[in-house]
Protein chains: 2
Amino acid sequence: MKERYLRSLRLLSECYHGFEHMSAPDIRKTGLTKAQFDIIATLGNTPGMTFKGLGQKTLITKGTLTGVVDRLETKQLVRRVTSLEDRRNVIVQLTATGERTFERVFDSHIQFCKQPFSGYAEADFVALEETLGILKNRLEAMAAIKTEKKGK
Amino acid sequence: MKERYLRSLRLLSECYHGFEHMSAPDIRKTGLTKAQFDIIATLGNTPGMTFKGLGQKTLITKGTLTGVVDRLETKQLVRRVTSLEDRRNVIVQLTATGERTFERVFDSHIQFCKQPFSGYAEADFVALEETLGILKNRLEAMAAIKTEKKGK
DNA sequence: TATTGTTATACTCTATAACTATA
DNA sequence: TATAGTTATAGAGTATAACAATA
């Protein structure tokens, strides 16, 4: 067996895309793009985040992020606040409308995503969390090595 | 515990994005976009696929697909062949150059993705495949129900 | 009539790099 | 000098709907 991990990788991809595929129309119906939805979902239940933080969480690069946040600001779902401590930092926050949108949209979204888990027993969740948790730790370790190499 | 599945969902997303994040620069270096890479990877080791088939595999809608395939055709990585049986079907195939690109690019990509699995024992693979396999089956069952509802 | 793929439109995201302002 | 975010640009992906050719 040459590449023992390929099947795992394919399954991971298939599961992720399965959720994506199921929930994409659901997200579109809200009038938000995928990128916009990600920002709203990331900001939900937080006091706000800087552009840098948002970029790290969502993997959207800063130039793109400016445009995405612009459009969300036009829709009055988020606002920009300049940090008082370091005036280079811009904090993006949900507005009251944004909060409501978050609750409505994200809630319906997760209700939707729960469907495949109906019938899961506690042990099934534990097993899934354990295997994915291990993989996540390995991925984070790899990412740390990469950052270390790059940063001086 | 209200939403027992949320943690699983988050882990799945984090793992998938972890791989995406690691391999994105690797893919970009090849001069292919993510969508183009997906098409090449999907066509590799096949005799070709119709637009419809490609769309279902990659989740790219037909209108978009025309553009993506156009660009790959310009790069001489794929060709269009009209099916003889049903002339409405257009089959997209890798060219000889496309085949070589597939082998080179996809190979380096999977070498890259194997890193987090270093140190995995056989039992770890089995466990991961099993938990993801179960989830995949559930997702496919959901999708089948959805299709059933829609199709007449 | 239904299906496959193309075309057209308008918008959004993307990578990249130069730029501004703060530190 | 370094960092955070903006601006500018060109290209690519996206949803949507109308369209042509074939079945």
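Values below: every heavy atom of this structure, side chains too, minus hydrogens, waters and symmetry copies. Reminder, nothing fancy here: chain letters follow the sequence lines and each chain counts from 1.
Atom CG of L32(A) and atom C1' of dC11(C) are 15 Å apart (whole Å). Straight-line distance from the CG atom of D38(A) to the P atom of dT12(C): 16 Å, rounded to whole Å. Counting to the nearest Å, the C1' atom of dA12(D) and the CG atom of L72(B) are 12 Å from each other. Summarising the geometry, the separation between CG on N89(B) and C1' on dT6(C) is reported as 14 Å, rounded to the nearest angstrom. Rounded to whole Å, the distance from CZ on R87(B) to C1' on dT3(C) is 15 Å. Nucleotide dA8(C) holds its P atom 12 Å from the CG atom of D70(B), rounded to whole Å. Atom NZ in K75(A) sits roughly 12 Å away from atom P in dC11(C) (whole-Å rounding). For the pair K34(B) NZ and dA12(D) C1', the interatomic distance rounds to 14 Å; values are reported in whole Å.
Judged by distance alone, the side chain of T33(A) and the main-chain N or O of Q36(A) form a donor-acceptor pair under 3.5 Å.
With DNA chain C read from its 5' end, the first of the two nearest nucleotides for V68(A) and L84(A) is the one closest to V68(A).
T131(A) and T131(B) are linked by a side-chain donor-acceptor pair at a separation below 3.5 angstrom, with hydrogens and angles left out of the test.
In this model, a side-chain donor or acceptor of R88(A) finds a partner on the base of dT3(D) within 3.5 Å.
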- Item | Intermediate values then yes/no, salt bridge (charged side-chain N to carboxylate O under 4.0 Å, His left out), E73(A) and R80(A) | CA-CA 8 Å; E73(A) 211 170 20; R80(A) 285 170 158 94; 2.6 Å; yes
| task | Show the numbers, then the answer: is there a salt bridge (charged side-chain N to carboxylate O under 4.0 Å, His left out) between D124(A) and R138(B)? | result | CA-CA 12 Å; D124(A) 297 319; R138(B) 304 295 322 232; over 6 Å; no
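Here the CZ-NZ distance, from R10(A) to K136(B), works out to 8.5 Å after rounding to the nearest 0.5 Å.
Within the 4.0 Å cut-off from OP1 or OP2 of dG5(C), not a single side-chain nitrogen or oxygen of R80(B) is found.
Contacts of residues 47-65 of chain B with DNA chain C (heavy atom under 4.0 Å): T50(B), F51(B), K52(B), K62(B), G63(B).
Below 30°, between 30° and 60°, or above 60°: for F37(B) and F106(B) the angle between ring planes is between 30° and 60°, a tilted geometry.
Note on T33(B): only backbone sugar-phosphate atoms sit closer than 4.0 angstrom, heavy atoms only; bases stay farther off.
Under the 4.5 Å side-chain criterion, counting only non-hydrogen atoms from C-beta, L72(A) is in contact with L32(A).
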